[in-house]
Amino acid sequence: MMTTLTLPAPAKLNRLLHITGRREDGYHRLQTLFQIIDLCDQLTLTSRDDGVIQLATRVPGVADDDNLIARAAKLLQQASGTHLGATLTLDKTLPMGGGVGGGSSDAATTLVGLNALWRLGFSLDELAALGLRLGADIPVFVHGHTAWAEGVGEQLTPVTLDTPWFVIIHPGVSVSTQAVFQDPQLTRDSRPITMARALQGGASEWRNDCEAVVKRHYPAIAQALDWLSQHAPSRLTGTGACVFAAFEDAQTAHAVAEAAGHHGSAWVARGLNTSPLHDALGC
Ligand SMILES: C[C@](O)(CO)[C@H](O)COP(=O)(O)OP(=O)(O)OC[C@H]1O[C@@H](n2ccc(N)nc2=O)[C@H](O)[C@@H]1O
Ligand SMILES: Nc1ncnc2c1ncn2[C@@H]1O[C@H](COP(=O)(O)OP(=O)(O)OP(=O)(O)O)[C@@H](O)[C@H]1O
């Protein structure tokens, strides 16, 4: 019987991010295009009979009880009533708090992977609903398809986007998502648009409503955006800190990433329409 799975947890980019309002509970209503990319963390999940959820690796700065993979495993244990446990090993590549959804994707891979390992038989819809309790960015990674999203990011419609090579730069500063959403100067009244209109407009019309506020507070992000914009149209992902630009060929993307060194860490990643997690599990 299968007792260990090693699975990818891919990052996402917000190719477009509009803030269209605020809910009663303070959370903001968004419209966004989530694109899954091939830059990944790796998770190894090993089933155990004693019911214990054990973290074999620490995430610096995160208490084990707060770690999203431990929280996801415990939530799934509770929801299913299984007597099984798991040892969780996380090989971290994705920058934390970078707007690429690393923690959310780790949690989604834990839910989808343990569902298979423990043979629980939950549907992806059921796992996404569980994931939403831990974070708004988790459902898209559970469903595993590039998507148009509304609500706080949980109302998903799968779409197919172009699959360019992205240069992603992390300017080395950490952005508080909460502070960005609380900033009085944030644009939070963008007129809602239809998905068809967003897709019709294409990348040249896509923008991120958080960009102005984030650029004002973090000069390093403004400088990285200005530098990358000399090579191709550039955007912030989520509330940052990462910025990205799309290129048609890998060679150009690698040359730009190499030249980006003085602005922070840089990666090249390919845009995807389906998640490597779902490709690996055949679901
Ligand atoms: C901006 C995005 O990256 C787009 O993909 C995500 O919506 C952010 O999701 P996230 O990092 O999981 O954010 P959370 O940890 O849930 O929220 C941090 C804080 O940001 C604010 N927040 C977040 C998401 C949202 N739609 N509206 C908000 O007002 C809330 O004050 C919340 O307490
Ligand atoms: N397994 C985990 N990996 C990374 N961060 C985690 C994890 N568990 C909890 N966290 C916490 O979650 C915070 C946000 O992490 P994450 O990497 O998802 O940010 P992000 O890329 O900005 O995501 P988003 O695009 O959803 O805003 C981290 O700063 C950390 O405190």
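If you read the sequence from its start, that first residue is 1, and numbering goes on from there. Whatever order the structure lists them in is the order used to number ligands and atoms, beginning at 1.
Per-atom contact check: atom 13 (C) of ligand 2 does not touch the protein, criterion being a heavy-atom distance below 4.0 Å.
Less than 4.0 angstrom separates some heavy atom of Gly26 from each of these atoms of ligand 1: 29 (O). Atom numbering of ligand 1 starts at 1 in the shown order; those under 4.0 Å from a heavy atom of Lys12 are 3 (O), 5 (O).
In this structure, Asp137 counts as a contact residue of ligand 1, since one of its heavy atoms falls inside 4.0 Å of the ligand. Note on ligand 1: Gly153 sits outside its first shell, no heavy atom being nearer than 4.0 Å. Distances from ligand 2 to the non-hydrogen atoms of Lys92 include at least one value under 4.0 Å.
Taking His145 as the reference, Pro158, Thr160, Asn273, Thr274 meet the side-chain contact (heavy atoms from CB on, under 4.5 Å) condition, with sequence neighbours excluded.
Residue Asp66 touches ligand 2 through its backbone alone, judged by heavy-atom distances below 4.0 Å. Under 4.0 angstrom from ligand 1, the non-hydrogen atoms of Leu30 all belong to its side chain. Contact annotation for Leu68 and ligand 2: heavy atoms of both the backbone and the side chain come within less than 4.0 Å of the ligand. When non-hydrogen atoms are compared, ligand 2 lies under 4.0 Å from the side chain of Val62 (C-beta onward) but not from its backbone.
Residue pairs that meet the ring pair (Phe, Tyr, Trp, His ring centres under 6.0 Å) test with at least one member in residues 23-60, sequence neighbours left out, are His28-Phe181.
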